[in-house]
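Comments concern the structure below.
Only this structure's heavy atoms are used, side chains among them; waters, hydrogens and symmetry mates stay out. Nothing here was measured: the structure is a model prediction, and the numbers come from that model. Each chain gets a letter, A, B and so on, in the order its sequence line appears, and its residues count up from 1.
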2 protein chains.
Amino acid sequence: MIFSSKAEYGVRLMVELGRQSPEQPTSLKAIADAEGLPLAYLEQVVARLRKAGLVMSARGAHGGYWLARPAEDIAMVEVVQALEGAIAPMECFVHDHTERVLCSHEPDAGRGCATKLLWTRVQGGIIRSLQTTTLAELVEFSRRTELARTA
Amino acid sequence: MIFSSKAEYGVRLMVELGRQSPEQPTSLKAIADAEGLPLAYLEQVVARLRKAGLVMSARGAHGGYWLARPAEDIAMVEVVQALEGAIAPMECFVHDHTERVLCSHEPDAGRGCATKLLWTRVQGGIIRSLQTTTLAELVEFSRRTELARTA
DNA sequence: TCCATATCCTACCAGCACGGTCGGATTGCC
DNA sequence: GGCAATCCGACCGTGCTGGTAGGATATGGA
């Protein structure tokens, strides 16, 4: 019922990258300092984003990360999916190899899996909300609240 | 990102109760057998539903459980909430005492919590889908698919 | 060339929640 | 009284989560 901290950290990282100009890369250390997060752990988080093709990187001195696409073209469902794996409200949604008896659905179980109907709706609700939110929105929100504070 | 098995078991239990006539109580053992779930564990699950006032119980021989209200009047958000606790996509939503630095939001953190905007939307999506689904729907679905199999 | 700064990669670890078991107390029908 | 139930709390193994450690590799600058 709860997303792991990878999602939280990863989203913050993406917002931070969205705030930077994509000309020069931003180092993880800068982000870790700004957000107060453990650098070594952020490395693991950003690795997922890179493998998903959401950020690009340059190694060596003055290296760092930047968004692979403009923030307007990044739906948050991609980000969360990269960080958390498949978006699923129940285990049997992601592992079809139903080792545990958690899900007795369709096959010979006697009755159709009524719960599956429920979890499908929930999944739809989650995905829809993530699909209609772009990274650019979050970046702008972050800028606006920052401004409100300064004023 | 995933509900625990308590939710799965509890929802199935509620559906099972919804299929029974509320005249006489249904024993946990009958449900455990029908669904292939561990009885002792189901006891813990049903305890939550009872404390939430969703089911009623009678002790002693021929005792058991039944729905406290007609299935049409039970929104699944109540059921899931009773089983899982507060519906929250991120930890800082349920524990305001932000011990871990997970959520750096508003207070003095420098910038507004952009992630909170995202998680709020996700939470809304989940709750809406759970609110618009009644137990009666699931019961009827279960009856219909059962019929389809028999045919 | 050498050093500082980065990304990258893998192994490791402690804590804790989850799923589940067990034993027993209590209640109530026959 | 005995059996069938609900109730209650303690316990426990295992896996995942959040995080650390250590090093390999790449690259720009002095």
Which whole-number value in Å describes the distance from [X] [atom1] to [N] [atom2]?
| X | N | atom1 | atom2 | answer |
| --- | --- | --- | --- | --- |
| A:I2 | D:dC16 | CD1 | P | 18 Å |
| B:W66 | D:dA5 | CH2 | P | 14 Å |
| A:Q24 | C:dT5 | CD | P | 18 Å |
| B:E43 | C:dA25 | CD | P | 15 Å |
| A:Y9 | D:dG18 | OH | C1' | 7 Å |
| B:L39 | C:dG23 | CG | P | 14 Å |
| A:R48 | C:dT7 | CZ | P | 18 Å |
| A:I31 | C:dT7 | CD1 | C1' | 13 Å |

Check this for me: does any side-chain nitrogen of one of [X] and [Y] sit under 4.0 Å from a carboxylate oxygen of the other?
| X | Y | answer |
| --- | --- | --- |
| A:R69 | A:E78 | yes |
| A:R121 | B:E137 | yes |
| B:E16 | B:R12 | no |

Proximity to the side chain of [X] - top-ranked nucleotide from [options]:
| X | options | value |
| --- | --- | --- |
| B:S5 | D:dG19, C:dC22, C:dG20 | C:dG20 |
| A:Y65 | C:dT21, C:dC8, D:dC7 | C:dC8 |
| B:S57 | C:dG19, C:dT21, D:dT6 | D:dT6 |

(Q) Determine whether B:L138 and B:M14 satisfy the following criterion, side-chain contact (heavy atoms from CB on, under 4.5 Å), listing intermediate values before the conclusion. (A) CA-CA 9 Å; B:L138 298 189; B:M14 290 294 281; over 6 Å; no

**Q.** Check: C:dT21 base within 3.5 Å donor-acceptor of B:Q44 side chain
**A.** yes

**Q.** Donor-acceptor pair (no angle test) under 3.5 Å: A:R59 side chain, D:dT25 base
**A.** yes

Q. Looking at B:S4, does any N or O in its side chain come under 4.0 Å of the phosphate oxygens OP1/OP2 on C:dA17?
A. no

Q: Look at A:R50 and C:dC8 and indicate whether a side-chain polar atom (N or O) is within less than 4.0 Å of OP1 or OP2.
A: yes

Q) Start at the 5' end of DNA chain D and walk down; is the nucleotide closest to A:Y41 or to B:A61 reached first? A) B:A61

Q: Test B:E8 against A:W119 for side-chain hydrogen bond (donor to acceptor under 3.5 Å, both in side chains), laying out the working first.
A: CA-CA 9 Å; B:E8 175 75 22; A:W119 306 137; 2.7 Å; yes

Q. Just checking B:A47: base, sugar-phosphate only, or nothing, at a heavy-atom cut-off of under 4.0 Å?
A. nothing

